[in-house]
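Taking it in order: structure first as structure tokens, then the write-up.
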Amino acid sequence: MKFLLLILTLTTMLYFNSCIFTTESDSDKEKFDTTSEIKFENEFFYKMIKRIDNSIVLFGSGNEHLIMKKIDSSGNLIWQKEYEENIGYHYLTNFEITNDGGFLVSGYFSHNNSGGTPFIAVFDNEGLMKWIKKDDDLILDNTDSFKAVEDSNGDIVTVTQSGMARWDSEGNLIWLHWFYQGYFYEYNSVVYYILNLYDFTVNDGICYILYDSPYSDFVAAYYDIDGNLEHGYFFNNEIPNNLQIINTAGFGYASYPQFRILGNTENIDGEIDFFMMEALTYTNNAFPKSETYSSKETFDCYIGDIFKDGEELIITSSYDSKVVCLDYNTFELKWKYNDDSKASGDFSSTVRIEDENYLVLIPNDTWNENSEEVRGTTLRFFKRN
């Protein structure tokens, strides 16, 4: 009898242990369900924006034309616009909602896959193009890194490796500023050498720029509304890459911290860590500095697109098709979504539709249709249980 009770006890313990102590992969499979997928054949969308009404706007290309598409939260088409810009392929560096509810796009497109032509395009809230500038119109002599961002007053600021410019809301050039010799600038008799643009943000005229650098981990610079260099400095903490800025409170002299910088570090063994710092804007008596630096070992993928949703950061990794959710205040990992289906295309961006329902964008996907392989974009709706 005692022997039977012992067997029963052991069996019960093993059963409950198997239910509670699951592996991470088993746990992930239980947490998420794919609810639906929508596919756009021969259309390639790399960026999407969630609007306040829960609609989604996609921007990309198809049949060598630029395309903007608006869908509702279930994926039903609301409207689609095609533009006469003939392109071979394209790469977007920014897609954002403007102050008046329209859209700003910056990036590159190319004919016959030869070189990259930078462009800025501005649209109204119905997707009608207001103006576009490209190539020589942008007065750029270097296109290795280029991005456009709208200021709070409606102006548009463009930054490259070699300089920066400010445009009004109608696309008229206000000023153009070249860095010294194109690849470095000088502040307080210190020369800061720069490589490609990481990221920049602008608010109330003040522009904060992050650059890769051959002589330090990264270089940062403040410029005022007239393009004058206010401060320059560099960091030597770790070796970060693909840094991005999250602007939390705008710029000014009173409130701290002002924004956070996110990125990755990778050691010689290829191990990836999560890089985070809070940067303070300058005051009349204080120099910009790092307030917080931390590394999260649980974050094992490259940062791609970042979607801030309330107190959460939803980060899409395009290298290994993962989506992770971090608590914005503590930066602790809340959940991670892996692509069990092994879609042929990499993830591009992710947004929360409502509650625990999400949408991930998969450009350059392939699938079989009528016994033929086709290419295009997949929209995958998934739910966290």
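Basis for what follows: all heavy atoms, side chains included, without hydrogens, waters or symmetry-related copies. Every value quoted in this text rests on a predicted model; they were computed, and no experiment measured them.
- With sequence neighbours excluded, no residue forms a salt bridge (Lys or Arg N to Asp or Glu O under 4.0 Å) with Arg375.
- The side chain to side chain contact (heavy atoms under 4.5 Å, CB included) search around Asn370 returns none, not counting sequence neighbours.
- Judged as a ring-ring contact (aromatic ring centres under 6.0 Å, His included), and not counting sequence neighbours, the contacts of Phe123 are Phe59, Tyr83.
- Qualifying salt bridge (Lys or Arg N to Asp or Glu O under 4.0 Å) partners for Lys81, counting only residues two or more places apart in sequence or in other chains: none.
- Lys50 meets the salt bridge (Lys or Arg N to Asp or Glu O under 4.0 Å) test with no other residue; sequence neighbours excluded.
- Every pair passing salt bridge (Lys or Arg N to Asp or Glu O under 4.0 Å) that includes a residue from residues 159-169 is listed here, sequence neighbours excluded: Asp151-Arg166, Asp155-Arg166.
- Taking the ring-ring contact (aromatic ring centres under 6.0 Å, His included) definition, one finds that Phe119 meets it with Phe109, sequence neighbours left out.
- With sequence neighbours left out, the ring-ring contact (aromatic ring centres under 6.0 Å, His included) criterion links Trp335 to Phe32, Tyr358.
- Scored by the side chain to side chain contact (heavy atoms under 4.5 Å, CB included) test, Thr98 finds Asp100, Leu104, Glu150 as partners (sequence neighbours excluded).
- The ring-ring contact (aromatic ring centres under 6.0 Å, His included) test applied to Phe103 returns Phe95, not counting sequence neighbours.
- Considering only residues two or more places apart in sequence or on other chains, Lys69 meets the salt bridge (Lys or Arg N to Asp or Glu O under 4.0 Å) condition with Glu43.
- Residues that satisfy the side-chain hydrogen bond (donor to acceptor under 3.5 Å, both in side chains) test with Lys147, not counting sequence neighbours, are Asp199.
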